[in-house]
Trainee: 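Once you've had a glance at the structure underneath, I'll fire off some questions.
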Amino acid sequence: MANKKNGDPTVQWELLRTFSDEHGVLDWSSNKADRRNQKRREILATNLRDFFRIEGDPFRLTDDGKGWQALFLISPDE
C-alpha cells in the first residue's frame, strides 16, 4: 500500500497502522479520529478483502456504534 508516484505509504496504510496502535479499535477517543476515516476504512476494507481473498467486512462497528473494531488480530510493533 504505497503511493505509486513517490513510494510513500497510502492513507489506508496509515489507517491500518492506526488500528494497530489502537490495538484493533478506532473510535472517537483516539487522537487519530477523523470524519474522513469512514471512507478510508471502506477503501482499506476493500483492499484487505482483495489482497487476502476474504469475504465480508474485516471491521465491525463497536458495541456502542461509535467506532470500528478489526475482526483480525493486529497490534503495534513493540
Side-chain angles (χ1 to χ4, degrees):
M1 293 201 276
N3 183 309
K4 292 179 183 177
K5 293 180 183 178
N6 60 19
D8 289 343
T10 64
V11 290
Q12 284 74 34
W13 178 258
E14 294 299 334
L15 184 59
L16 187 60
R17 183 178 295 162
T18 299
F19 270 101
S20 174
D21 292 341
E22 300 291 330
H23 300 279
V25 178
L26 181 60
D27 60 20
W28 287 107
S29 67
S30 170
N31 63 351
K32 299 282 186 160
D34 188 316
R35 290 187 167 271
R36 295 174 291 184
N37 285 342
Q38 170 64 33
K39 188 63 177 178
R40 291 172 181 164
R41 187 211 50 87
E42 291 171 8
I43 295 169
L44 175 59
T46 299
N47 290 343
L48 292 172
R49 279 194 303 266
D50 291 347
F51 186 81
F52 292 107
R53 297 182 184 128
I54 57 175
E55 295 183 20
D57 197 330
F59 303 97
R60 71 171 187 88
L61 282 175
T62 55
D63 291 336
D64 63 6
K66 296 181 180 180
W68 301 287
Q69 180 177 7
L71 296 176
F72 52 91
L73 183 60
I74 187 167
S75 58
D77 289 337
E78 301 205 15

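Position 1 is the first residue of the sequence, and the numbers go up from there.
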Trainee: At what distance, to the nearest 0.5 angstrom, does CE of Met1 lie from CG of Leu44?
Mentor: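 Reported value, rounded in 0.5 Å steps: 5.5 Å.
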Trainee: Is there a path of hydrophobic side-chain contacts, each under 4.5 Å between heavy atoms of I, L, V, M, F, W or Y residues, that connects Val25 with Ile74?
Mentor: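 Different clusters.
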Trainee: Compare all side-chain heavy atoms of Pro76 with those of Arg17 and state whether any distance is below 4.5 angstrom.
Mentor: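 Result no, sub-4.5 Å side-chain heavy-atom pair not found.
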Trainee: Are Trp13 and Leu15 connected, step by step, through hydrophobic side chains (Ile, Leu, Val, Met, Phe, Trp, Tyr) whose heavy atoms are closer than 4.5 Å?
Mentor: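 Yes; tracing contacts between hydrophobic side chains, which count when under 4.5 Å, links both residues.
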Trainee: Going from CG on Asp64 to CH2 on Trp28, what distance comes out if it is rounded to the nearest 0.5 angstrom?
Mentor: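 Answer for the CG-CH2 pair, Asp64 versus Trp28, is 12.5 Å.
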Trainee: Looking at Ala2 and Thr10, what are the two nearest heavy atoms and their distance?
Mentor: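 Of all heavy-atom pairs spanning Ala2 and Thr10, the closest is C-CG2, 3.7 Å.
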Trainee: Less than 4.5 Å apart, side chain to side chain, heavy atoms only: is that true for Arg40 and Asp34?
Mentor: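 Arg40 reaches Asp34 side chain to side chain.
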Trainee: Show the nearest heavy-atom pair for residues Asp27 and Ala33, with the distance to one decimal.
Mentor: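 Nearest pair, atom of Asp27 first, then Ala33: O-CB, 3.7 Å.
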Trainee: Nearest 0.5 Å, please: how far is CG in Leu48 from CD1 in Ile43?
Mentor: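 With rounding to 0.5 Å, CD1 (Ile43) is 12.0 Å from CG (Leu48).
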Trainee: Hey, could you give me the CD/OG1 distance between Gln69 and Thr62, rounded to the nearest 0.5 Å?
Mentor: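 Those atoms lie 8.0 Å apart.
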Trainee: Is there a path from Ile54 to Leu73 through hydrophobic residues (I, L, V, M, F, W, Y) whose side chains come within less than 4.5 Å of each other?
Mentor: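 No, no single cluster joins them.
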Trainee: Looking at residues at least two apart in the chain, or sitting in another chain, which of them share a side chain to side chain donor-acceptor pair (under 3.5 Å) with Ser20?
Mentor: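 If we apply the side chain to side chain donor-acceptor pair (under 3.5 Å) test to Ser20, skipping adjacent residues, there are no hits.
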Trainee: Check side chain to side chain contact (heavy atoms under 4.5 Å, CB included) between Gln38 and all other residues, then give those that pass, not counting sequence neighbours.
Mentor: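 Gln38: side chain to side chain contact (heavy atoms under 4.5 Å, CB included) contacts with Arg41, Glu42, Trp68.
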Trainee: Taking the six-membered ring for Trp, are the ring centroids of Phe52 and Phe72 within less than 6.0 Å of each other?
Mentor: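 Centroid distance Phe52-Phe72: not below 6.0 Å, so no.
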Trainee: Using 0.5 Å steps for rounding, measure from the CD atom of Glu14 to the NZ atom of Lys32.
Mentor: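 Reported value, rounded in 0.5 Å steps: 7.0 Å.
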Trainee: Please find the pair of heavy atoms, one from Ser30 and one from Glu22, that lie closest to each other, and give the distance.
Mentor: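 Result for this residue pair: OG-OE2, 3.4 Å.
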Trainee: Rounded to the nearest 0.5 Å, how far apart are CG of Asn47 and CG of Leu16?
Mentor: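 Asn47 CG to Leu16 CG: 10.0 Å, rounded to 0.5 Å.
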Trainee: Would a 4.5 Å heavy-atom cut-off, applied to side chains only, mark Pro58 and Leu71 as touching?
Mentor: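 The answer is no; the side chains never approach within 4.5 Å.
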Trainee: Looking only at heavy atoms, which two atoms of Asp57 and Ala45 are closest? And how far apart?
Mentor: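 Minimum heavy-atom contact is OD1-CB, 3.7 Å.
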Trainee: Apply side chain to side chain contact (heavy atoms under 4.5 Å, CB included) to Asn6 and list each qualifying residue two or more places apart in sequence or on a separate chain.
Mentor: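 For Asn6 the side chain to side chain contact (heavy atoms under 4.5 Å, CB included) partners, ignoring immediate neighbours, are Asn3, Asp8.
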